[in-house]
Each structure stands twice: as C-alpha cells, then as structure tokens.
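Here is the structure we will look at, set down as structure tokens.
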Amino acid sequence: MVDFASVSLTALKATTGLFGLSKLTFIPLFLAALTYYNYDLYDPENQPINVKSINKEYDFIVIGGGSAGSVLANRLSAIKEWKVLLIEAGGQESIITDVPILSLYLHGSRYDWKYKTEPSNTACQAMKGKRCCWTRGKVIGGSSVLNTMLYVRGNRRDYDNWASMGNYGWSYADVLPYFLKSEDQRNPYLARNKYHKTGGYLTVEDAPWNTPLGIAFLQAGEEMGYEIRDINGEQQTGFALYQFTTRRGMRSSCAKAFLNPVRLRSNLHIALNTQVTKILIDGNKRAYGVELVREGGVKQVVHARKEVILSGGAVNSPQLLMLSGIGQKEQLAQHGIKTLVDLPGVGENVMDHIAVGGMAFLIDYPISLVMSRVVNVNSAIRYAVANSGPLTSSVGLETVAFITTKYGNVSDDWPDIEFMLTSASTNSDGGSNVKRAHCLTDEFYSEVFDEINNKDVFGVFPMILRPKSRGKLKLRSANPFHHPLIYPNYLTHPDDVRVLREGVKAGLAVAETQAMRRFGARYHRKPVPGCKHLPHFTDEYWDCYTRQYTMTIYHMSGTNKMGPQSDPWAVVDPELRVYGTSGLRVIDASIMPQITSGNINAPVIMIAEKGADMIINYWTQGASGYHSNNLGYPHGYVKKRDLYSNLTYV
Ligand SMILES: Cc1cc2nc3c(=O)[nH]c(=O)nc-3n(C[C@H](O)[C@H](O)[C@H](O)COP(=O)(O)OP(=O)(O)OC[C@H]3O[C@@H](n4cnc5c(N)ncnc54)[C@H](O)[C@@H]3O)c2cc1C
Ligand SMILES: *[C@@H]1O[C@H](CO)[C@@H](O)[C@H](O)[C@H]1NC(C)=O
C-alpha cells in the first residue's frame with residue numbers, strides 16, 4: 001500500500017514549499033532517517049480521509065477543523081445515526097509539522113493564514129511596518145499544528161469568573177470534568193490525582209528531553225520563594241516543567257488526537273482545502289446550511305438538518321458571521337451586506353496574551369539550544385529512532401512559572417504573569433526563523449542581536465495573563481478571501497504596561513539567583529532602537545522596550561463572546577448558541593468572555609468537549625422542537641449601543 005518513493009517526494013515538496021527550509025541542509029538526511037526508522041509516519045492511511053464528493057445534506061456541519069472543530073467532529077460522529085461534515089480550509093499535516101523544534105518554520109508557510117495586524121503606534125514597533133504577525137493554522141488540526149504544544153489549563157478563578165458573569169455551567173467545578181474527558185496523562189505520578197486522567201484522546205506528557213537549564217529554572221524558583229508544583233492542579237502559583245500535547249516527543253495535534261482514530265467512521269465526512277464563504281440563514285433566522293468553495297474553485301451549497309457549528313477560530317469565526325449578515329449593522333452596511341441579526345459584539349473584545357520578547361541572558365556553558373549545534377544528522381536520527389533528543393524540544397520551552405506582581409493579590413493564587421523560561425532566545429538560530437516568525441525588522445534584529453548570534457543564552461518571556469486592553473476586528477471587504485482588519489490595541493490600557501514592566505523586573509531577578517548565576521548568567525543589556533534616548537533599566541525604558549518587541553503568544557480570543565442576555569456585547573449564550581438565530585453555535589476560542597490565565601489550547605479543547613456534550617444532550621434528550629432555538633436578543637443592546645465608544649482605550 002505505501003509507496004515510499006512517491007510519499008517521500010510529497011514530503012520533500014512540502015519541505016521546499018516552506019519558507020526558508022532550503023537553508024536547513026540536514027532536512028533531506030533527516031527525511032531519509034525518518035523513512036528508514038519510522039516509515040509508518042508516511043502511511044497516508046493514518047491521516048484523515050479527504051472526502052471526494054460532499055453530500056447535499058448532513059445533520060451537522062462543522063466549519064473549521066482546528067482545535068475545537070476536531071473535537072466536535074469526533075464527538076458528534078460518535079452518534080452513529082448522525083451524519084457529520086467537517087469542513088477545513090487547509091490540507092494535511094506533514095512530517096515536518098510533527099517535529100517540535102521546527103515549529104517556527106511553519107510561521108509564514110502554506111500552513112499559516114499569514115494575518116498581519118494594522119499598523120499601530122502602541123505596540124510591535126520593532127516589527128516590519130509596525131504590524132504584528134498573527135500566525136494562525138490553515139491545515140487540518142488548525143493552530144494546534146503550529147503551536148508550541150504547551151498544556152496549560154488556566155486558573156480555577158477564570159472559570160468561576162465566567163460563571164459569575166452569568167454564564168451558567170462554566171464554573172471551574174463544571175468545566176474540570178471536560179478537561180479530564182480528553183486527557184491521557186502519561187506522567188504516572190500526575191495520573192493518580194483527581195486533577196488528571198488517563199485514557200482520553202489527548203496525550204499529555206513531560207518533555208522526553210531537557211537541557212540542564214530546565215531544572216536550574218526550578219531551583220531559581222525555589223530560591224525566589226516559589227513552590228514547585230503541578231500548575232494544572234490544586235494551585236497555579238509556582239514553577240514547573242511544562243507538559244506538552246505530544247506523543248513520544250512528536251506533535252500530537254488535535255487532528256492526530258481526535259480525528260485520526262475515527263477516520264474510518266462512515267458517518268463522518270472531512271472536506272479538506274475547502275473554505276466556507278457564507279452561512280445560509282433563512283427568513284426565520286435559522287441557519288440551514290453553508291456555501292463553500294472547494295479546491296479548483298468549485299462552489300457548492302450544503303444543507304444542515306440540525307445545526308451549523310462555527311469553529312473557524314478567533315479571526316475567521318467573527319469574519320464569517322459578518323459575511324453572513326450577523327454583526328454590527330452599520331459596519332455590514334458599509335460593505336453592502338444585509339444585516340440579518342444586528343449583534344454589536346461580533347469582532348469586538350479582541351484579547352490576546354503578549355509577552356516581552358527577546359530578553360536574553362548569556363551563559364558560559366554550551367548547554368543551550370543553539371540551533372546550528374543541536375540540529376544535525378545525529379539529533380535527527382536520535383529523534384527518528386528514540387523519539388528523544390533536542391528535536392523533541394518545543395523551541396527551548398522548558399519551564400513555566402506563574403507569579404503575581406505587586407499589581408495582583410499574592411494571597412489570591414490568581415497570578416498575573418506567566419514566565420516562559422527557555423533554553424534559547426531570539427538569537428539562538430542566528431537571525432533566521434525567530435526573527436522572521438516575529439516579523440522583526442532587519443535593523444532591530446541586527447542592532448540588538450547580531451553580536452550574540454548563536455551564543456549560548458537562556459530566555460525569560462514574561463507574559464501578561466489578564467490584559468485589560470481590548471482590540472477589534474472589522475471586515476476589510478465583503479470578499480470572504482480578503483483578510484479582515486485586525487486592531488489588537490495592545491498596551492492601550494496603562495495597567496497592561498505596568499504589569500509587564502513588573503514582569504520584566506521579576507525576569508531579571510531569575511537571572512540573579514544562585515541557580516542561574518552558576519552558569520555565569522548575565523542579561524544582554526543592549527539598548528534597543530527606539531528606546532536608546534531613555535536611561536537604561538528605568539521604568540520608562542522597559543515600557544518603551546515592551547512597545548518595541550511586543551510578542552504575541554497567539555492566544556487571540558473573545559471575538560464572539562459568551563454572555564447572558566443582559567450583556568449587550570454577548571454574541572453567544574452560555575450554550576454557545578448565536579443570539580437572534582436558531583440552529584447556529586460558535587464553538588472555539590472566540591467565545592471566551594475573558595481570556596484564561598495561561599496558554600489557551602487546552603481551554604479551547606475543553607470548550608469543544610463541553611459544547612459537544614450540550615449538543616448531544618439537546619438532540620438526544622431535551623429536544624422538543626426540530627432545531628435548537630435562541631431567537632431572543634440580548635436585552636437592552638439597542639439602548640446600550642453608546643457603550644461601544646467606551647470599549648477600547650484608544
Ligand atoms: C504559533 C502558535 C503557538 C501557540 N502555542 C500554544 C501553546 O504552546 N499552548 C497553547 O495552549 N496554545 C498555543 N497556541 C494557541 C492555540 O493553539 C489556539 O488558541 C487554538 O489552537 C485555537 O483553536 P480554535 O479551534 O479556536 O482555532 P484554530 O485551531 O485556529 O482552528 C480554526 C480552523 O478553522 C479553519 N477555518 C477558518 N475559517 C474557515 C472557513 N471559512 N472554512 C473552512 N475552514 C476554516 C482554519 O483553517 C483552522 O484550521 C498557539 C497558537 C499559535 C498560532
Ligand atoms: C486578596 O485575596 C484574599 C484571598 O482571596 C482576599 O481575602 C483579600 O480581600 C484580597 N485583597 C484585596 C486587596 O483584594
């Protein structure tokens with residue numbers, strides 16, 4: 001069955017299709033090693049099957065095969081009588097997307113939607129055109145194919161807070177079972193306690209390989225007075241080695257975890273390279289199907305007997321709602337789109353996590369992840385044979401810390417900063433992929449990092465957990481193939497600048513511990529362009545620095561927020577049904593009313609697990625009508641329209 005020659009050729013084509021991969025001369029040898037030792041990876045039978053022809057009608061249509069969509073397709077098609085169609089704009093994963101250390105190559109590749117934010121003067125000043133690059137997965141598995149695989153659930157208070165906003169069913173006690181439902185915890189110690197479980201679809205494991213810096217960071221944390229603990233367990237504050245959604249050191253995207261095992265279900269159709277251009281809504285405001293375009297430009301209309309579920313992610317979901325006539329009336333009118341449901345919250349409430357980029361600390365020992373040293377034929381073979389070694393490293397992410405700055409409440413266990421502690425930094429690949437993925441200008445990179453290219457360093461990336469700035473997303477045009485206009489409004493709320501400033505100071509303190517000093521740790525204190533006029537190491541300097549190297553952690557969310565009817569900005573209700581419509585839900589990162597305190601992939605998977613359960617319960621138990629119905633609008637949204645002008649801080 002497996003035709004090695006042609007499959008390797010496809011893999012090689014995939015490789016050359018990736019920007020900059022040609023520079024990586026070891027790749028052909030690497031592929032040879034994989035072919036030899038791990039040929040089953042090439043087996044095309046392991047991937048989801050791209051359906052040849054799409055039927056006219058299904059029970060459920062899921063738009064977007066990303067983190068959430070993969071879970072939904074799996075759970076809904078578990079009901080044998082239901083016919084499910086999963087539609088994904090991108091294609092298949094490849095053996096390159098599997099390799100954790102190569103994830104930066106995927107930014108800007110054919111697996112990426114390649115969004116850029118509109119130019120700003122509050123953030124991303126060191127990026128080309130003062131625009132931040134918003135990498136988003138366009139591939140089956142979605143952004144879970146490009147992400148750095150960190151498994152972080154967030155803080156219990158995040159969910160209790162969602163519930164206190166009127167979102168019944170979303171308290172921590174309510175959502176914990178859905179985190180557990182997916183989980184296959186491979187650390188035997190963790191697997192035993194009530195916060196973890198084995199046997200789910202989603203493999204969660206410790207890194208098979210760390211540098212000595214990983215443990216040193218833990219010791220630094222102890223010196224700073226923090227506990228070392230499971231940050232996904234009883235308490236969050238403290239230090240830990242990261243856990244990853246990998247399987248034996250290789251990426252286990254949501255497609256691998258949730259779709260591959262059910263790829264032979266005959267009631268599940270998966271359409272790849274197929275983009276939905278519109279959700280079809282009838283005179284009763286019921287979503288009855290979608291309009292789509294397959295590869296080669298073939299258009300088709302597909303009907304949904306029960307529900308349309310939108311899981312396009314935080315950028316595409318609001319865009320598609322607007323294109324389908326659901327959004328702010330004035331904005332839709334500007335593009336000649338007839339408003340079917342006037343919902344002012346669509347595209348508002350853009351939230352993301354940003355970190356201060358590029359804080360590099362030089363060390364005296366050759367133990368960090370200098371790419372030119374660790375990525376070679378030996379490490380490729382070690383990866384292929386033993387599923388270990390530096391290639392399994394998620395670009396040096398080793399240790400996590402949750403800390404509370406002076407702007408938070410230390411007795412609360414609701415930290416406001418996450419540290420990503422890394423055995424590499426911006427300079428560790430000599431100015432190739434990190435610089436490109438972050439869209440840094442050549443001038444900025446050269447001036448700050450050229451002199452330490454490929455030198456041994458560690459990195460501290462302080463990330464703000466609950467930013468107060470809110471952005472927005474608008475249509476550029478009525479053309480579904482045009483990218484929307486993205487205004488993240490980073491750092492427009494002064495509190496965000498203050499919290500990150502304290503994060504930087506705490507980051508510098510990590511390097512001052514004995515644990516790090518024994519490696520000769522010293523901050524690379526090169527003043528950055530744009531801030532040189534400010535006295536170094538002052539608050540003003542750090543604030544300026546943060547606006548220069550503003551690093552998105554790609555946690556876009558909130559653009560179709562969930563809320564009770566009393567919330568004029570709510571787009572979906574606590575059962576994820578779009579207000580003012582029936583037969584339509586949004587289930588993905590866009591429904592978060594408040595971003596969670598940590599990396600958001602595990603929360604998105606949880607949201608999809610819970611959403612799937614709601615749908616199944618509705619249609620198998622409570623269903624009285626023939627479709628889910630939420631024709632009510634959020635109360636008072638007309639009266640409160642003027643709130644709109646207060647929503648952002650610019
Ligand atoms: C570079 C990067 C690193 C990250 N690192 C981490 C990490 O380490 N840990 C963590 O927890 N989180 C991380 N994240 C965030 C996390 O991966 C995402 O938040 C999560 O995957 C979002 O899931 P989603 O289902 O909302 O959207 P996505 O996974 O983005 O899925 C949306 C899918 O819908 C498809 N789609 C969109 N529109 C259409 C359409 N009209 N028709 C058909 N298909 C469509 C898209 O192609 C995509 O496949 C990272 C993200 C990125 C990009
Ligand atoms: C800090 O948190 C504790 C514990 O939750 C609480 O009792 C206290 O009131 C909080 N302090 C402030 C200033 O909010």
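Ligands are counted one by one from 1 in listed order, and the atoms in each one are counted from 1 as well. Quick caveat, the model's predicted, so the values are computed rather than measured.
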Checklist entry - Hey, does Leu320 come in under 3.5 Å of ligand 1, counting only N/O atoms on both sides? => result no

Next on the checklist: I'd like to know if Asp412 pairs up with Arg157 as an ion pair, taking the criterion as any Lys NZ or Arg NE/NH1/NH2 lying under 4.0 Å from an Asp or Glu carboxylate oxygen.
Outcome noted: yes

Checklist outcome for this item: Near Asn599 (heavy-atom distance under 4.0 Å), the atoms of ligand 1 are 9 (N), 10 (C), 11 (O)

Item to check | Asn147 and ligand 1 - part of the residue with a heavy-atom distance under 4.0 Å | outcome: both

Checklist outcome for this item: For Val139, the ligand 1 atoms with a heavy-atom partner under 4.0 Å come out as 49 (O)

Item to check | Check: Asp416/Thr404 side-chain N/O donor and acceptor closer than 3.5 Å | outcome: no

Checklist entry - At a 4.0 Å threshold, what atoms of ligand 1 neighbour a non-hydrogen atom of Thr148? => result 3 (C), 4 (C), 5 (N), 6 (C), 7 (C), 8 (O)

Checklist entry - So is there a nitrogen or oxygen of Asp588 less than 3.5 Å from a nitrogen or oxygen in ligand 1? => result no

Checklist entry - Is the closest N or O pair between Gly69 and ligand 1 shorter than 3.5 Å? => result no

Checklist outcome for this item: The answer for which part of Ser311 has a heavy atom under 4.0 Å from ligand 1 is backbone

Next on the checklist: Under 4.0 Å from a heavy atom of Leu146: which atoms of ligand 1 are those, numbered in the order shown and with their elements?
Outcome noted: 1 (C), 2 (C)

Next on the checklist: Please report whether ligand 1 has a polar contact with Ile553, defined as an N or O pair separated by less than 3.5 Å (distance criterion only).
Outcome noted: no

Checklist entry - Backbone or side chain, does any N or O of Lys138 fall under 3.5 Å from an N or O of ligand 1? => result no

Item to check | salt_bridge(Arg186, Asp184) N-O dist < 4.0 Å | outcome: yes

Item to check | Quiz item: cation-pi between Lys610 and Trp170, 6.0 Å / 45° | outcome: yes

Next on the checklist: Show, in sequence, the C-alpha distance, side-chain angles and deciding distance for Asp158 and Arg156, and conclude whether the salt bridge (Lys or Arg N to Asp or Glu O under 4.0 Å) test is met.
Outcome noted: CA-CA 5 Å; Asp158 297 331; Arg156 65 175 70 220; over 6 Å; no

Checklist entry - For atom 52 (C) of ligand 1, which of Tyr554, Tyr151, Tyr115, Trp134 has the closest heavy atom? => result Tyr554

Next on the checklist: Can a donor-acceptor pair be found, under 3.5 Å and without considering hydrogens, that links the side chain of Thr274 to the backbone of Val293?
Outcome noted: no

Checklist entry - N/O of His107 under 3.5 Å from N/O of ligand 1, yes or no? => result no

Next on the checklist: Tell me the protein heavy atom at minimum distance from atom 18 (C) of ligand 1, and give that distance in Å.
Outcome noted: Ser143 CB, 4.0 Å

Checklist entry - Do any nitrogen or oxygen atoms of Ala589 come within less than 3.5 Å of a nitrogen or oxygen of ligand 1? => result yes

Checklist entry - Do NZ/NE/NH1/NH2 and the carboxylate oxygens of Glu307 and Arg585 come within less than 4.0 Å? => result yes

Checklist entry - Which of the atoms in ligand 1, numbered in the order shown and given with their element, are less than 4.0 Å from a heavy-atom of Ile87? => result 43 (C), 44 (N)

Item to check | Numbering as shown, the atoms of ligand 1 that approach Gly137 to under 4.0 Å (heavy-atom distance) | outcome: 46 (C), 47 (O), 48 (C), 49 (O)

Item to check | ligand 1-proximal atoms of Leu397, by part, heavy-atom distance under 4.0 Å | outcome: neither

Next on the checklist: Is there a ring pair (Phe, Tyr, Trp, His ring centres under 6.0 Å) between Phe217 and Phe458? Walk through the geometry before answering.
Outcome noted: CA-CA 10 Å; Phe217 291 135; Phe458 64 81; 5.5 Å; yes

Checklist entry - Looking just at side-chain N and O atoms, do Asp230 and Tyr195 make a donor-acceptor pair shorter than 3.5 Å? => result no

Item to check | Residue pair Arg294 / Gln300, side-chain donor-acceptor N/O under 3.5 Å | outcome: no

Checklist entry - Looking only at N/O atoms, are Ala89 and ligand 1 under 3.5 Å apart anywhere? => result yes

Next on the checklist: Taking distance alone, with N or O pairs closer than 3.5 Å, would you say Asn601 contacts ligand 1?
Outcome noted: yes

Checklist entry - Counting each atom of ligand 1 from 1 as listed, which ones have a heavy atom of His555 under 4.0 Å away? => result 12 (N), 13 (C), 14 (N), 15 (C)

Checklist entry - In the protein, which heavy atom is nearest to atom 47 (O) of ligand 1, and how far is it? => result Glu88 OE2, 2.7 Å

Item to check | Pair Lys468 + Asp495, salt bridge at N-O below 4.0 Å | outcome: yes

Item to check | Ligand-residue contact atoms, ligand 1 with Gly313, heavy atoms, under 4.0 Å | outcome: 26 (O), 27 (O), 32 (C)

Next on the checklist: Please list the nearest protein heavy atom to atom 41 (N) of ligand 1 with its residue and the distance rounded to 0.1 Å.
Outcome noted: Val276 O, 3.0 Å

Checklist entry - Salt bridge check: are Arg75 and Asp613 linked by an N-O gap of less than 4.0 Å? => result no

Item to check | Top protein contact for atom 11 (N) of ligand 2, by heavy-atom distance | outcome: Asn409 ND2, 2.8 Å

Checklist entry - Between Lys256 and Asp98, is there a salt bridge with N-O shorter than 4.0 Å? => result yes

Next on the checklist: Give the atom numbers and elements of ligand 2 that come within less than 4.0 Å of a heavy atom of Ser411.
Outcome noted: 1 (C), 2 (O), 3 (C), 4 (C)

Checklist entry - Using heavy atoms and a threshold below 4.0 Å, how should the contact between Asn316 and ligand 1 be classified: side chain, backbone, both, or neither? => result side chain

Next on the checklist: Pair Cys132, Cys124 - check disulfide bond (SG atoms under 2.5 Å apart), show working.
Outcome noted: CA-CA 6 Å; Cys132 335; Cys124 295; 2.2 Å; yes

Checklist entry - Hey, is Thr274 touching ligand 1 through its side chain, its backbone, both or neither, going by heavy atoms under 4.0 Å? => result backbone

Next on the checklist: For ligand 1 and Met149, I'd like to know whether there is a polar contact (N/O to N/O, distance under 3.5 Å).
Outcome noted: yes

Item to check | Donor-acceptor pair, side chain of Asn232 and main chain of Tyr151, under 3.5 angstrom | outcome: yes

Next on the checklist: Using the rule given for side chain to side chain donor-acceptor pair (under 3.5 Å), can you reason through Ser144 versus Asn601, listing the C-alpha separation, both sets of side-chain angles and the distance that settles it, and then say yes or no?
Outcome noted: CA-CA 7 Å; Ser144 74; Asn601 196 41; 5.3 Å; no

Checklist entry - How far is atom 23 (O) of ligand 1 from its nearest protein heavy atom, and which residue and atom name does that atom have? => result Ser67 CB, 3.3 Å

Next on the checklist: Between Arg436 (side chain only) and His107 (backbone N and O only), is there a donor and an acceptor less than 3.5 Å apart?
Outcome noted: yes

Item to check | Asp412: numbered ligand 2 atoms lying under 4.0 Å from its heavy atoms | outcome: 2 (O), 3 (C), 4 (C), 5 (O)

Item to check | Pair His196 and Phe179, ring centroids less than 6.0 Å apart | outcome: no

Item to check | Residue portion contacting ligand 1 (non-hydrogen atoms closer than 4.0 Å) for Trp113 | outcome: side chain

Checklist entry - Can you find a protein heavy atom closer to atom 7 (O) of ligand 2 than 4.0 Å? => result no

Item to check | Ionic contact status for Arg247 with Glu205, cut-off 4.0 Å | outcome: no

